[in-house]
Amino acid sequence: QVQLVESGGGLVQAGGSLRLSCAASGRTFSSYTMGWFRQAPGKEREFVGALTWRGANIYYTRYVDSVKGRFTISRDNAKNTVYLQMNSLKPEDTAVYYCAADAITRGTYWQPDEYDYWGQGTQVTVSS
C-alpha cells in the first residue's frame, strides 16, 4: 500500500507562486508515474501534469496546455517526494490539488483511472 500526503497549498494573489509537495511511502517510488490533478467546485477532476516513468531513472514530463510554461513538476526519489511548482498563478487555477501514483505505467497518464493511489488533496486559492 502506498500513502501520499500533499502539502503546500494556500491562498495567494494572482501572479504569485506556490510549491506543492507530495510525500510518498513505498520502496519502489522511483518506478512510479506520478501525476497531479485538480478539481474545482462543480467540475470534474482535471489532469495538470505528470512525470511518466520510462525505465531506470528516466521520466518524461507532461502538462495540460493551460499550465505549460507556468507549472513545473519535479521529483526527488531519495526523499520519495514529487513537487509541483506553480508560478504566475491565475484565479482559474483555484482548486483542490491531488497527487497520484501509478505503480504500473499504462500510458494513459492524463486519465484519473490510470492511477492506483491518491493523496487527500490540498486547497489552492488564487485571489484576483
Side-chain angles (χ1 to χ4, degrees):
Q1 187 72 13
V2 174
Q3 290 186 326
L4 304 174
V5 179
E6 299 105 334
S7 60
L11 174 63
V12 65
Q13 288 188 334
S17 298
L18 283 174
R19 189 177 81 156
L20 306 184
S21 299
C22 174
S25 63
R27 292 177 293 176
T28 57
F29 173 78
S30 63
S31 67
Y32 295 166
T33 284
M34 298 298 296
W36 286 96
F37 289 76
R38 64 188 180 186
Q39 189 166 18
K43 294 188 176 181
E44 293 186 352
R45 193 164 295 191
E46 175 192 29
F47 170 74
V48 175
L51 278 171
T52 59
W53 183 65
R54 306 302 296 173
N57 283 322
I58 300 172
Y59 306 93
Y60 291 169
T61 52
R62 316 282 189 180
Y63 300 100
V64 68
D65 285 347
S66 60
V67 308
K68 284 181 180 177
R70 300 189 298 122
F71 290 11
T72 303
I73 297 176
S74 61
R75 65 194 294 161
D76 184 338
N77 289 337
K79 296 182 178 180
N80 276 18
T81 300
V82 64
Y83 304 97
L84 180 66
Q85 177 67 44
M86 305 185 294
N87 299 328
S88 302
L89 282 161
K90 304 175 181 179
E92 52 263 43
D93 294 318
T94 295
V96 177
Y97 283 70
Y98 298 89
C99 72
D102 174 12
I104 304 173
T105 299
R106 301 169 184 86
T108 52
Y109 56 87
W110 61 92
Q111 294 184 356
D113 288 349
E114 166 90 2
Y115 295 85
D116 304 295
Y117 306 101
W118 291 84
Q120 81 286 355
T122 186
Q123 177 70 47
V124 171
T125 303
V126 184
S127 63
S128 56

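- Taking R62 as the reference, nothing meets the side chain to side chain donor-acceptor pair (under 3.5 Å) condition, with sequence neighbours excluded.
- Between the side chain of T33 and the backbone N or O of W53 there is at least one donor-acceptor pair closer than 3.5 Å.
- From T61, atom OG1 reaches atom CZ of F71 across 14.5 Å, with rounding to the nearest 0.5 Å.
- With rounding to the nearest 0.5 angstrom, the OG atom of S128 is 9.5 Å from the CD atom of Q13.
- Here CZ of R75 is found 9.0 Å from CG of N80. Values are rounded to the nearest 0.5 Å.
- Legend: residues meeting side chain to side chain donor-acceptor pair (under 3.5 Å) with D116, ordered by chain and number and at least two apart, are R106.
- Judged purely by atom type and a 3.5 angstrom limit, E114 has no side-chain atom pairing as donor or acceptor with the backbone of D102.
- M86 has its side chain out of reach of D93: every pair of non-hydrogen atoms, C-beta onward, lies at least 4.5 Å apart.
- Remark: Q123 pairs with T125 by the side chain to side chain donor-acceptor pair (under 3.5 Å) rule, at least two apart or across chains.
- With I73 as the fixed residue, the side-chain contact (heavy atoms from CB on, under 4.5 Å) test singles out one of V48, V67, L51, L20: L51.
- Residues satisfying the side chain to side chain contact (heavy atoms under 4.5 Å, CB included) test with S88, not counting sequence neighbours, are R70.
- The shortest heavy-atom contact between S25 and V2 is O-CG1, 3.4 Å.
- Here the SG atom belonging to C22 is positioned 13.5 Å from the OH atom belonging to Y117, to the nearest 0.5 angstrom.
- Contacts of V12 classified as side chain to side chain contact (heavy atoms under 4.5 Å, CB included), with partners at least two apart in sequence or in another chain: L18, L89, V126.
- Among residue pairs with one or both ends in residues 18-46, those qualifying as ring pair (Phe, Tyr, Trp, His ring centres under 6.0 Å) are F37-F47, F37-Y115, F37-W118; sequence neighbours excluded.
- The CD atom of E92 lies 8.5 Å from the OG atom of S66; values are rounded to the nearest 0.5 Å.
- Judged as a disulfide bond (SG atoms under 2.5 Å apart), not a single pair has a partner in residues 46-77 (not counting sequence neighbours).
- Applying the side-chain hydrogen bond (donor to acceptor under 3.5 Å, both in side chains) test to every pair with at least one member in residues 39-50, sequence neighbours left out, gives these pairs: R38-E46, Q39-R45.
- By the side chain to side chain contact (heavy atoms under 4.5 Å, CB included) test, Q85 is found to be paired with S17, R19, T72, N87, residues two or more places apart in sequence or in another chain being considered.
- Not a single donor-acceptor pair under 3.5 Å links the side chain of Q120 to the backbone N or O of V5.
- Closest approach of T81 to S21, counting heavy atoms only: CG2-CB, 4.3 Å.
- A24 approaches L4 most closely through the heavy-atom pair CB-CD2, 3.4 Å.
- Scanning for side chain to side chain donor-acceptor pair (under 3.5 Å) contacts around Y83 gives an empty result, with sequence neighbours left out.
- One finds the CD atom of E6 at 4.0 Å from the SG atom of C99 (value rounded to the nearest 0.5 Å).
- With sequence neighbours excluded, the residues satisfying salt bridge (Lys or Arg N to Asp or Glu O under 4.0 Å) with D65 are K68.
- Residue I58 belongs to a hydrophobic cluster whose other members are Y60, with links defined by side-chain heavy atoms closer than 4.5 Å.
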